[in-house]
Protein chains: 2
Amino acid sequence: MRDGLPEGLASLAGFQLSKCGWWLEQRLEEELEPLGIRVRHFLVLAMLSTSETLSQQEMADCLLLDPTLMVGLVDDLEARGLCERTRDPRDRRRYRVRATEDGRALHRRARTLADEVGAEVFGPLSDDELSTVVRAIGRVMEPFWAEQALHPRRKR
Amino acid sequence: MRDGLPEGLASLAGFQLSKCGWWLEQRLEEELEPLGIRVRHFLVLAMLSTSETLSQQEMADCLLLDPTLMVGLVDDLEARGLCERTRDPRDRRRYRVRATEDGRALHRRARTLADEVGAEVFGPLSDDELSTVVRAIGRVMEPFWAEQALHPRRKR
DNA sequence: TATTGTTATACTCTATAACTATA
DNA sequence: TATAGTTATAGAGTATAACAATA
């Protein structure tokens, strides 16, 4: 990289956006290490923090992860007492995964770190710009999540 | 995903942004398949399209890829006559990788597809919003690329 | 017969280490 | 001694397939 990004790359909005997402994730990964969790564990806790109970299948769809990966993820959290599995009485194949008080407390600490990373990365933006970007991305992703709810895809 | 994304996830700007980047990349991957290249090959061509010549090392830094991965990537392009390697006469360890005319032509076709994917994904945004987002992300990434030029990191 | 969750296995991708040639 | 590029290999991460329990 002699003198900055080649213009052919810099002008690709998708490339810049992808790397921005990667940067945010890596920084958060670093910040979460002292808490003993990965970004994925944090995302599970984030879901559970506003959902009472969820099945592993539902969480896999939201995170775009293969359901087999949710097993180990929930295992990790349960082993540390951050969430608990109970069978769904109305469909005993499913678990009802719920965050414990410890899990909610850890989520709050992790969420603070995530917000700090966000403030760091988005530092160059004014409050107006930031809220425009955040709302814009949210609106852009609405059709994606709608489609995802109907025809779940996986990978990554 | 019973009723949309759990709020704990939806409110995480970093999560939405990461998935947006993933979505853009996956859609482009699909669109590029008929051209017989992956997104990575396209990104290499994009760099070469505005840079005359670059070393494999420089390109690895820009794409945040391990230099060993650039070998196969440039091999692929060279085998199809899309780029060519010549030794740098001033430092015969380095290659000067250059896009051929065919490479530039394929890049233009791929860039058109990338722009179409962008138009599709960012469809919900007004022109003003889109340009605000694109410029904002570009500004956010400036310090990242500056740091990357000094202390290259890898992975992904 | 289909679905949730589980396990074990195979596969893909990436990083690591060792090497050549240049500097 | 250090760097660009190459190769082969080991490791991490992921998907695939088969299974048990339930619907």
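Proteins get letters first, then strands, A, B, ... in listed order; numbering begins at 1 in each.
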Is a donor-acceptor pair below 3.5 Å formed from side chain A/Arg94 to base C/dT4, judging by atom type as modelled? no

Residues in ring-ring contact (aromatic ring centres under 6.0 Å, His included) with B/Phe122, at least two apart? none

With sequence neighbours left out, what residues match A/Glu52 under salt bridge (charged side-chain N to carboxylate O under 4.0 Å, His left out)? A/Arg98

Rounded distance (Å) that lies between atom P of C/dG5 and atom CZ of A/Arg96: 13 Å

To the nearest angstrom, how far is B/Asp66 atom CG from D/dT9 atom C1'? 14 Å

Please enumerate all residues that pass ring-ring contact (aromatic ring centres under 6.0 Å, His included) together with A/His41, with sequence neighbours excluded. none

Quick one: salt bridge (charged side-chain N to carboxylate O under 4.0 Å, His left out) partners of B/Glu120, sequence neighbours excluded? B/Arg27

Pairs meeting criterion ring pair (Phe, Tyr, Trp, His ring centres under 6.0 Å) with involvement of residues 94-119 of chain A, two or more places apart: A/Phe42-A/His107

From CG of A/Leu65 across to C1' of D/dG13 the rounded distance in Å is 11 Å

For the pair made of CH2 in A/Trp22 and P in C/dT14, what is the distance, rounded to whole Å? 13 Å

Can you list everything that forms a side-chain contact (heavy atoms from CB on, under 4.5 Å) with B/Thr100? Sequence neighbours excluded, please. B/Glu84, B/Asp102

What does the list of N/O pairs under 3.5 Å between the protein and nucleotides 9-13 of chain C look like, with a distance for each?
none

Interface with DNA chain D, restricted to residues 44-58 of chain A and to heavy atoms under 4.0 Å: none

Under 4.0 Å from any atom of DNA chain D, heavy atoms only: list the residues of residues 67-92 of chain A that qualify, in numerical order. A/Thr68, A/Leu69, A/Asp91, A/Arg92

Separation of A/Glu29 atom CD from D/dA12 atom P, in whole Å? 15 Å

Contacts satisfying ring pair (Phe, Tyr, Trp, His ring centres under 6.0 Å) that involve residues 57-77 of chain B (not counting sequence neighbours) are none

Going by the rule salt bridge (charged side-chain N to carboxylate O under 4.0 Å, His left out), which residues pair with A/Arg87 if we only count those two or more places apart in sequence or in a different chain? none

For A/Phe144, the ring-ring contact (aromatic ring centres under 6.0 Å, His included) test, sequence neighbours excluded, returns B/Trp23

Near-ring test A/Phe15/B/Trp145, centroid separation under 6.0 angstrom: yes

Starting at CZ of B/Arg93 and ending at P of D/dA4, how long is that distance when rounded to a whole Å? 6 Å

Residues B/Arg111 and B/Asp115 bridged, charged N to O under 4.0 Å: yes

